[in-house]
Amino acid sequence: MKYYLISGEASGDLHASNLMRELKLLDSNAVFRAWGGDLMNEQGAVIVKHIREISFMGFLEVALHLRTILGNISFCKKDILEFQPDVVILVDYPGFNLRIASFVKSINIPVFYYISPQIWAWKQGRVKKIRKVVDRMYVILPFEKAFYARFGVEVDFAGHPLLDAITQFRTRKDKSVTLINDTDRRPVIALLPGSRKQEIENMLNVMLTVVPEFPEFRFVVAATSNVPVEFYQAILKDSKAEFILGKTYELLDVAQAALVTSGTATMETALFGVPEVVCYKGSAISVAIAKSVVHIKYISLVNLILDRPAVKELIQQDLTKAKLCAELKLLMYDESYRSKMIADMKELQDTLGGSGASARVAAQMYQQLTD
């Protein structure tokens with residue numbers, strides 16, 4: 001069968017690539033065309049648009065790039081018509097994907113949505129559109145099934161695919177990480193500033209302020225291959241922090257603590273059992289708009305799933321050098337604080353279920369298509 005997948009960011013590229021791997025095991029004739037990244041390309045997808053070209057962050061940034069986004073939507077519709085897939089699989093990325101879903105539904109091609117938009121946080125009205133234009137929704141957070149049920153929408157929950165990705169990493173034989181200076185034996189603190197240029201620049205400059213205050217630790221930045229190396233070098237030029245490219249899991253595997261930009265990386269860090277501080281600082285306009293429409297208690301998925309402040313969140317004006325230093329001292333020197341957070345992270349893993357989510361979703365999709 002012919003599969004058309006659309007992912008717009010690094011986390012979606014990861015989860016879509018794992019889904020593709022499982023679909024290939026079920027469908028030996030699978031052909032993939034996609035909007036995605038390097039991981040999807042490695043699984044055999046012809047990449048129409050790379051995520052580095054289509055990833056825009058925040059209300060203001062989206063508004064500034066609206067002409068580009070609208071052009072991409074038109075191009076995508078035309079490309080789907082020419083490819084004539086047996087199914088279109090949308091992966092998160094709701095602003096773009098829900099528009100495409102309406103179009104695909106109108107031309108009678110099945111629409112599967114993998115990884116629900118976070119409509120439980122804002123824009124709950126989108127559930128009406130999802131019910132109308134999506135043939136099947138596959139969710140990855142345990143509370144999402146109950147959320148959709150409130151609106152009379154049946155969805156499938158098969159577990160969280162991050163568990164698959166981490167399990168695969170841990171069973172690899174070549175998972176050792178080579179840091180820049182192998183003779184440096186100081187404990188490692190990971191800095192995960194995000195995957196988009198805008199957030200990396202915002203977040204990394206703040207994170208780096210703590211480095212001189214902790215000379216007993218080694219700070220290493222998880223750099224994404226979707227951003228040029230020179231971009232990181234320009235930010236790090238006067239810092240004693242290092243960076244390592246495209247090896248986030250290898251870094252988390254050796255880290256003693258982490259400063260992490262809010263997003264999927266907070267979950268990944270928690271599932272590795274690494275104590276963390278969740279950080280976020282956006283443009284004033286974007287945050288003001290977000291506060292008026294988002295109605296959730298926490299910004300990190302770790303806290304949302306556990307429904308309590310298991311990890312510290314430093315947001316906007318709270319994201320300062322002083323508060324980062326204070327939290328980092330607790331993580332590294334207060335054993336009871338550190339142990340409690342690690343225990344909460346173990347509970348998070350248990351709540352999400354075991355590995356195998358990607359295989360279960362692929363099997364459900366394939367059955368839907370072949371019945």
Side-chain angles (χ1 to χ4, degrees), residues 9-12 14-15 18 92 114-121 138-148 155-171 175 188-192 194-195 222 248-280 294 296-315 327-328 330-332 334-361:
E9 52 196 9
S11 61
L14 170 65
H15 300 323
N18 285 330
D92 200 1
Y114 182 42
I115 306 178
S116 169
Q118 295 180 354
I119 57 175
W120 34 266
Y138 303 88
V139 302
I140 64 172
L141 301 174
F143 60 79
E144 289 178 320
K145 192 172 179 70
F147 169 82
Y148 273 100
V155 300
D156 295 294
F157 170 68
H160 203 296
L162 275 181
L163 293 167
D164 291 350
I166 292 170
T167 297
Q168 289 164 25
F169 167 78
R170 285 179 165 154
T171 56
K175 66 178 183 177
V188 171
I189 294 176
L191 303 180
L192 279 66
S195 60
T248 299
Y249 282 10
E250 289 86 346
L251 177 57
L252 288 174
D253 202 38
V254 300
Q256 298 298 304
L259 307 182
V260 189
T261 295
S262 177
T264 301
T266 64
M267 283 275 285
E268 292 173 309
T269 303
L271 293 174
F272 268 91
V274 179
E276 63 180 302
V277 182
V278 175
C279 310
Y280 183 76
V294 177
I296 52 176
K297 290 190 287 186
Y298 307 109
I299 193 173
S300 70
L301 285 171
V302 177
N303 291 343
L304 282 168
I305 293 170
L306 293 175
D307 196 26
R308 62 177 184 270
V311 296
K312 183 68 174 181
E313 300 179 352
L314 295 179
I315 306 167
E327 286 301 318
L328 201 49
L330 287 174
L331 291 183
M332 301 310 298
D334 187 325
E335 190 55 42
S336 63
Y337 187 86
R338 181 180 176 87
S339 297
K340 176 64 168 61
M341 189 177 294
I342 291 173
D344 286 339
M345 290 173 170
K346 176 62 170 64
E347 182 183 338
L348 174 73
Q349 184 169 347
D350 294 340
T351 301
L352 292 174
S355 61
S358 301
R360 290 189 288 272
V361 170

Which heavy-atom pair separates Ala310 from Asn303 by the least distance, and what is that distance? N-OD1, 2.8 Å
Compare every heavy atom of Thr351 with every heavy atom of Pro142, then report the nearest pair and how far apart it is. CG-CG2, 4.1 Å
I need the minimum non-hydrogen distance between Thr167 and Leu163, along with the two atoms involved. OG1-O, 2.7 Å
Could you check whether any side-chain heavy atom of Phe157 comes within less than 4.5 Å of a side-chain heavy atom of Arg360, counting everything from C-beta outward? no
Can you pull the ring-ring contact (aromatic ring centres under 6.0 Å, His included) pairs that have at least one residue in residues 338-359, sequence neighbours excluded? none
Using only atom types and a distance under 3.5 Å, with no angle test, would you say the side chain of Thr269 pairs donor to acceptor with the backbone of Thr266? no
Quick check: do Phe147 and Ile119 have side-chain heavy atoms less than 4.5 Å from each other? yes
Filter on salt bridge (charged side-chain N to carboxylate O under 4.0 Å, His left out), then keep only pairs touching residues 156-169, sequence neighbours left out; what's left? Arg136-Asp156
Any chance you could measure Tyr337, atom OH, to Met332, atom CE, to the nearest 0.5 Å? 13.0 Å
Working for side chain to side chain contact (heavy atoms under 4.5 Å, CB included), residues Met345 and Glu276: CA-CA 10 Å; Met345 290 173 170; Glu276 63 180 302; 3.7 Å; yes
When you compare the side chain of Asp92 with that of His15, does any pair of heavy atoms fall below 4.5 Å? no
On a heavy-atom basis, which atom in Ile342 and which in Gly273 lie closest, and how many Å separate them? CG1-O, 4.0 Å
Before you tell me yes or no, could you show the steps for Val155 and Ser116 under side chain to side chain contact (heavy atoms under 4.5 Å, CB included), namely the whole-Å CA-CA distance, both residues' side-chain angles and the distance that decides it to 0.1 Å? CA-CA 10 Å; Val155 300; Ser116 169; over 6 Å; no
Pairing donors with acceptors under 3.5 angstrom, does anything connect the side chains of Tyr138 and Glu144? no
Point-to-point distance, once rounded to the nearest 0.5 Å, from CG of Leu304 to CG of Leu141: 8.5 Å
Taking the six-membered ring where the residue is Trp, are the ring centres of Phe272 and Tyr249 under 6.0 Å apart? yes
Euclidean distance, Ile305 CD1 relative to Gln349 CD, rounded to 0.5 Å: 12.0 Å
Does the Thr171 side chain pair with the main chain of Gln168, one donor and one acceptor, at a distance under 3.5 Å? yes
Out of Leu348, Leu271, Ile140, which residue meets the side chain to side chain contact (heavy atoms under 4.5 Å, CB included) rule with His160? Ile140
Are Arg308 and Asp344 close enough that some pair of their side-chain heavy atoms sits under 4.5 Å apart? yes
So CG of Leu252 and CD1 of Ile166: to nearest 0.5 Å the spacing works out to 8.0 Å
Is it the case that the side chain of Glu313 and the backbone of Cys279 share a donor-acceptor pair, with hydrogens and angles ignored and the cut-off at 3.5 Å? no
Derivation and outcome, side chain to side chain contact (heavy atoms under 4.5 Å, CB included), residues Val302 and Val278: CA-CA 10 Å; Val302 177; Val278 175; 6.0 Å; no
How far does OH of Tyr298 sit from CD1 of Ile315, to the nearest 0.5 angstrom? 11.0 Å
Salt bridge check, Arg338 against Asp334: does any charged N sit closer than 4.0 Å to a carboxylate O? no
Please report the C-alpha distance between Glu268 and Val274 in whole Å, then the side-chain angles of each, then the deciding distance to 0.1 Å, and finally whether the side chain to side chain contact (heavy atoms under 4.5 Å, CB included) criterion is met. CA-CA 9 Å; Glu268 292 173 309; Val274 179; over 6 Å; no
With the side chain counted from C-beta on, respond yes when Leu328 and Leu259 share a heavy-atom pair under 4.5 Å apart, and no when they do not. yes
Side chains of Leu314 and Val277: does their closest heavy-atom pair fall under 4.5 Å? yes
How long is the straight-line distance from CG of Asp307 back to NZ of Lys297, given to the nearest 0.5 Å? 3.5 Å
Would you call Asn18 and Pro161 a side-chain contact if the rule is heavy atoms closer than 4.5 Å? no
